[in-house]
Amino acid sequence: MTNIATVIYEDTESVEPVVEDTQLTHQLDGLEKLQGTYPFTLERSHKAYRLNLFLRNLSDPLHRERFLSEKEELMTECQLTKEEKDMVRELKWIEMIQYGAIFFGLEKLSAVMGKSNPEIYASMRGETMAQFQASRKVSMQYSVGKK
């Protein structure tokens with residue numbers, strides 16, 4: 001079981017810019033050279049907080065039921081931006097990751113929508129399921145949902 005927590009630190013007064021400690025961030029050196037890598041930075045986590053909270057709440061049966069019956073109203077109530085609503089509505093998996101969505105949240109959304117993990121991976125690569133499965137040594141079809 002993986003525990004997930006989100007902490008938001010808000011400035012209450014003007015402060016000096018944070019000086020990056022290279023001893024803490026050296027593991028990220030050169031990461032920009034790895035195609036398809038989207039580090040979950042503090043900035044990305046802050047930007048995607050509403051979206052991640054919305055996705056995490058899909059594990060709540062009432063939230064899930066409302067999502068299925070009145071998606072637009074629920075997304076508005078949860079203060080999702082137009083961009084966030086579009087990504088959820090259109091299941092833009094890779095865009096959500098690039099935006100800062102946590103994959104565990106995407107799994108919750110995929111379960112509600114009846115999509116398997118491999119379907120997410122195929123979509124992220126711009127492939128059909130058949131193309132994606134052909135690139136695997138072993139065909140896979142698993143999901144956190146009922147599929």
Side-chain angles (χ1 to χ4, degrees), residues 1-18 20-21 24-25 27-28 31-136 138-147:
M1 191 57 138
T2 302
N3 295 314
I4 300 174
T6 303
V7 177
I8 300 290
Y9 297 100
E10 296 184 22
D11 292 336
T12 57
E13 57 187 65
S14 295
V15 293
E16 295 292 319
V18 175
E20 192 173 283
D21 184 341
L24 298 175
T25 61
Q27 294 176 340
L28 298 176
L31 199 60
E32 70 281 353
K33 296 176 188 173
L34 297 174
Q35 181 182 5
T37 302
Y38 311 100
F40 191 69
T41 61
L42 182 58
E43 294 78 19
R44 188 169 276 145
S45 125
H46 188 270
K47 174 184 177 185
Y49 175 76
R50 281 178 316 276
L51 176 60
N52 281 315
L53 180 60
F54 180 84
L55 295 173
R56 181 181 65 87
N57 285 339
L58 288 171
S59 60
D60 175 348
L62 294 175
H63 186 82
R64 195 168 47 246
E65 186 179 304
R66 286 204 56 216
F67 176 78
L68 291 171
S69 64
E70 46 190 48
K71 182 186 308 177
E72 295 302 319
E73 294 86 351
L74 182 61
M75 290 192 295
T76 299
E77 280 177 32
C78 293
Q79 300 178 357
L80 296 190
T81 66
K82 180 185 179 323
E83 179 182 14
E84 292 164 343
K85 289 177 185 179
D86 288 344
M87 288 186 289
V88 170
R89 192 182 299 115
E90 298 171 31
L91 301 179
K92 295 182 176 181
W93 306 110
I94 192 64
E95 288 87 345
M96 285 189 268
I97 287 289
Q98 292 165 339
Y99 186 80
I102 299 169
F103 189 77
F104 296 114
L106 298 187
E107 283 189 313
K108 288 171 180 45
L109 177 59
S110 71
V112 172
M113 300 305 294
K115 303 286 183 188
S116 68
N117 286 34
E119 287 175 285
I120 297 174
Y121 308 146
S123 175
M124 286 182 173
R125 290 171 52 167
E127 298 175 345
T128 65
M129 268 299 283
Q131 291 169 321
F132 177 76
Q133 293 290 18
S135 72
R136 311 283 87 196
V138 176
S139 179
M140 60 177 170
Q141 186 69 25
Y142 62 92
S143 174
V144 296
K146 296 177 183 175
K147 192 169 186 180

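- Note: Glu70 CD to Met75 CE = 11.5 Å, rounded to the nearest 0.5 Å.
- Between Arg89 and Glu72 there is a salt bridge, with a side-chain nitrogen of the basic residue lying less than 4.0 Å from a carboxylate oxygen of the acidic one.
- Proximity of Met96 to Leu109: side-chain heavy atoms (C-beta onward) are separated by under 4.5 Å at one or more points.
- In this structure, CG on Leu58 lies 4.5 Å from NE2 on His63, to the nearest 0.5 angstrom.
- Atom CD of Glu90 sits in a crowded spot, with more than 12 heavy atoms from other residues, nucleotides or ligands closer than 6.0 Å.
- Atom OH in Tyr99 sits 5.0 Å away from atom CD in Glu83 (nearest 0.5 Å).
- Looking at every heavy atom in both residues, Gln133 comes nearest to Pro118 through NE2-CB, 4.5 Å.
- The CG atom of Asp86 sits 10.5 Å away from atom CD of Glu95, with the distance rounded to the nearest 0.5 Å.
- Between Leu91 and Met113, the shortest heavy-atom distance links the atoms CD2-CG, 4.0 Å.
- Between Ile102 and Leu55, every side-chain heavy-atom pair lies at or beyond the 4.5 Å cut-off.
- Side-chain contact between Glu84 and Phe54 is absent, with no heavy atoms from C-beta onward closer than 4.5 Å.
- Within a 6.0 Å radius of CD in Glu65, no more than 12 heavy atoms belonging to other residues, nucleotides or ligands are found.
- Contact of the Asn57 side chain with the Phe67 side chain is not registered, since no non-hydrogen atoms from C-beta on lie closer than 4.5 Å.
- Judged by distance alone, with hydrogens and angles left aside, the side-chain atoms of Asn117 form no donor-acceptor pair with the main-chain N or O of Glu107 at under 3.5 Å.
- For the pair Cys78 and Arg50, the minimum side-chain heavy-atom distance is 4.5 Å or more.
- In this structure, Ser135 contributes its side chain and Phe132 its backbone to a donor-acceptor pair below 3.5 Å.
- In this structure, Ser59 and Lys108 approach most closely via the heavy-atom pair CB-CE, 4.0 Å.
- In this structure, the side chains of Tyr38 and Arg44 come closer than 4.5 Å at one or more pairs of heavy atoms.
- Because its NZ or CZ atom is not both nearer than 6.0 Å to the ring centre of Tyr121 and within 45° of the ring axis, Arg125 does not count as a cation-pi partner of that residue.
- Rounded to the nearest 0.5 Å, atoms CD (Glu127) and CD (Glu119) are 13.5 Å apart.
- Between atom NZ of residue Lys71 and atom CG of residue Leu80 there is a gap of 12.0 Å, rounded to the nearest 0.5 Å.
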Exercise. Please step through side-chain contact (heavy atoms from CB on, under 4.5 Å) for the pair Arg56 and Leu53, ending with a clear verdict.
Key: CA-CA 5 Å; Arg56 181 181 65 87; Leu53 180 60; 3.0 Å; yes
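- Contact detail for Ala101 and Ala48: the closest heavy-atom pair is N-CB, 4.2 Å.
- Closest approach of Leu106 and Met124 over heavy atoms only: CD1-CE, 3.9 Å.
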